[in-house]
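One structure is given here, and the rest of the page talks about it.
Everything numeric here is computed off the predicted structure, so don't read it as measured data.
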Amino acid sequence: VVTVGALGSVAAAHGMEPVHVPALPVEVVDTTGAGDAFVAGLSHAIAVGAPLQLAVQAATRVAAWTVNHEESVCRNIRERIASDPWERWGEL
């Protein structure tokens, strides 16, 4: 997985065509911690068995919440997931 900031990310694995996952349109407040948030979201999704593309989509959402916040972490991640309209959270 390679992240490219506001352009999103590209994911590929052995035997898989590269997939572009666009960034979410958010107001950027501070990018500190975005990469760590992305890796945490990606790692969690992969650990629970999500396919790579779904894991990258989840990681993208977590990173977007982080850059849209004054702090370098998203402290209310459980609430954000619960209120997020993305229907694929149930798969993770």
Side-chain angles (χ1 to χ4, degrees):
V1 177
V2 177
T3 60
V4 285
L7 298 176
S9 57
V10 177
H14 181 71
M16 173 186 160
E17 288 293 319
V19 176
H20 174 250
V21 176
L24 297 178
V26 296
E27 178 184 342
V28 176
V29 175
D30 187 351
T31 60
T32 305
D36 292 338
F38 185 93
V39 170
L42 181 71
S43 299
H44 171 77
I46 288 172
V48 299
L52 184 59
Q53 185 171 358
L54 177 60
V56 173
Q57 290 170 339
T60 298
R61 300 186 87 74
V62 175
W65 298 336
T66 301
V67 301
N68 185 242
H69 199 272
E70 297 88 23
E71 296 184 49
S72 62
V73 296
C74 181
R75 296 190 187 277
N76 63 344
I77 193 161
R78 289 177 195 237
E79 293 87 11
R80 294 295 297 256
I81 290 172
S83 65
D84 189 4
W86 189 53
E87 65 281 349
R88 300 207 62 192
W89 283 120
E91 298 175 45
L92 301 176

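Looking at V62 and F38, their side chains never come closer than 4.5 Å, going by heavy atoms from C-beta outward. Using a 4.5 Å cut-off on side-chain heavy atoms (C-beta onward), I81 and W65 make contact.
When all heavy atoms of A37 and A63 are compared, the pair lying nearest together is CB-CA, 4.1 Å. In terms of heavy atoms, S9 sits closest to T60 at OG-OG1, 4.2 Å. When all heavy atoms are compared, the tightest approach of P18 to A12 is CA-CB, 3.9 Å. Across all their heavy atoms, A23 and A6 have their closest contact at CB-O, 3.3 Å.
Note: R61 CZ to R80 CZ = 9.5 Å, rounded to the nearest 0.5 Å. Once rounded to the nearest 0.5 Å, the distance linking CG of L24 with CD of Q57 reads 9.5 Å. Separating the CG atom in L54 from the CZ atom in R88 is a distance of 4.5 Å, to the nearest 0.5 Å.
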- request: Give the intermediate values and the outcome of side-chain contact (heavy atoms from CB on, under 4.5 Å) for residues L52 and V1.
  value: CA-CA 9 Å; L52 184 59; V1 177; 4.0 Å; yes
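Here the rule is side chain to side chain contact (heavy atoms under 4.5 Å, CB included) with H44, and of V48, I46, L42 only V48 fits it.
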